[in-house]
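Values below: every heavy atom of this structure, side chains too, minus hydrogens, waters and symmetry copies.
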Amino acid sequence: MNRPMSLTGHAIEHLSSDFEPWLSCDDCFDQVDQMIEGLALHGLPIRGAFRAHLRGCPACREEARALLTVVAEDAGLDVAGLVAQFDEFVLTR
């Protein structure tokens with residue numbers, strides 16, 4: 001017997017979010033080094049299709065966050081602060 005599933009508020013928000021302009025995971029992977037280095041080393045915000053993709057793709061978002069951690073550690077930067085900045089740029093703006 002199948003029971004109806006109820007969606008959480010988070011799931012509803014995610015399903016109804018606008019992830020345009022569209023970018024594929026392959027395109028995201030091609031840009032991730034440049035975008036993360038720009039954020040970590042120059043304070044550049046994450047914008048456009050790259051940001052939209054990261055908002056909608058947890059796998060690419062985690063990959064970008066992991067790369068940010070490596071770049072920040074290698075540069076002797078505040079990892080926790082940069083990850084918080086990343087989350088703000090990607091998830092709230």
Donor-acceptor pairs are to be reported for all side-chain atoms of residues 37-47 against protein atoms at under 3.5 Å, with residues two or more places apart or in another chain.
none

(request) Evaluate the side-chain proximity of Cys25 to Cys57: yes if any heavy-atom separation is below 4.5 Å, no if none is. (result) yes
(message) Given 3.5 Å as the limit, does a donor-acceptor pair link the side chain of His53 with the main chain of Leu23, or not?
(response) yes
(message) Holding to side chain to side chain contact (heavy atoms under 4.5 Å, CB included), I want the full list of residues that pass it with Glu63, two or more places apart in sequence or in another chain.
(response) none
(message) Quick check for you: to the nearest 0.5 Å, what is the distance between Leu77 atom CG and Gln85 atom CD?
(response) 10.5 Å
(request) Indicate yes or no: at least one non-hydrogen side-chain atom of Leu54 is less than 4.5 angstrom from one of Phe89. (result) no
(request) Begin with the C-alpha distance, continue with both residues' side-chain angles, and end with the deciding distance and a verdict on side-chain contact (heavy atoms from CB on, under 4.5 Å) for Phe86 and Leu91. (result) CA-CA 8 Å; Phe86 171 85; Leu91 301 174; over 6 Å; no
(request) With the side chain counted from C-beta on, respond yes when Cys28 and Phe50 share a heavy-atom pair under 4.5 Å apart, and no when they do not. (result) yes
(message) How close do Arg55 and Arg61 get, counting heavy atoms only, and between which atoms?
(response) O-NH1, 3.1 Å
(request) Locate the shortest heavy-atom distance separating Asp33 from Leu67; write the atom from each residue and the value. (result) OD1-CD2, 3.2 Å
(request) Please list all pairs passing the salt bridge (Lys or Arg N to Asp or Glu O under 4.0 Å) test where one or both residues lie in residues 65-86, with sequence neighbours left out. (result) Glu62-Arg65, Arg65-Asp87
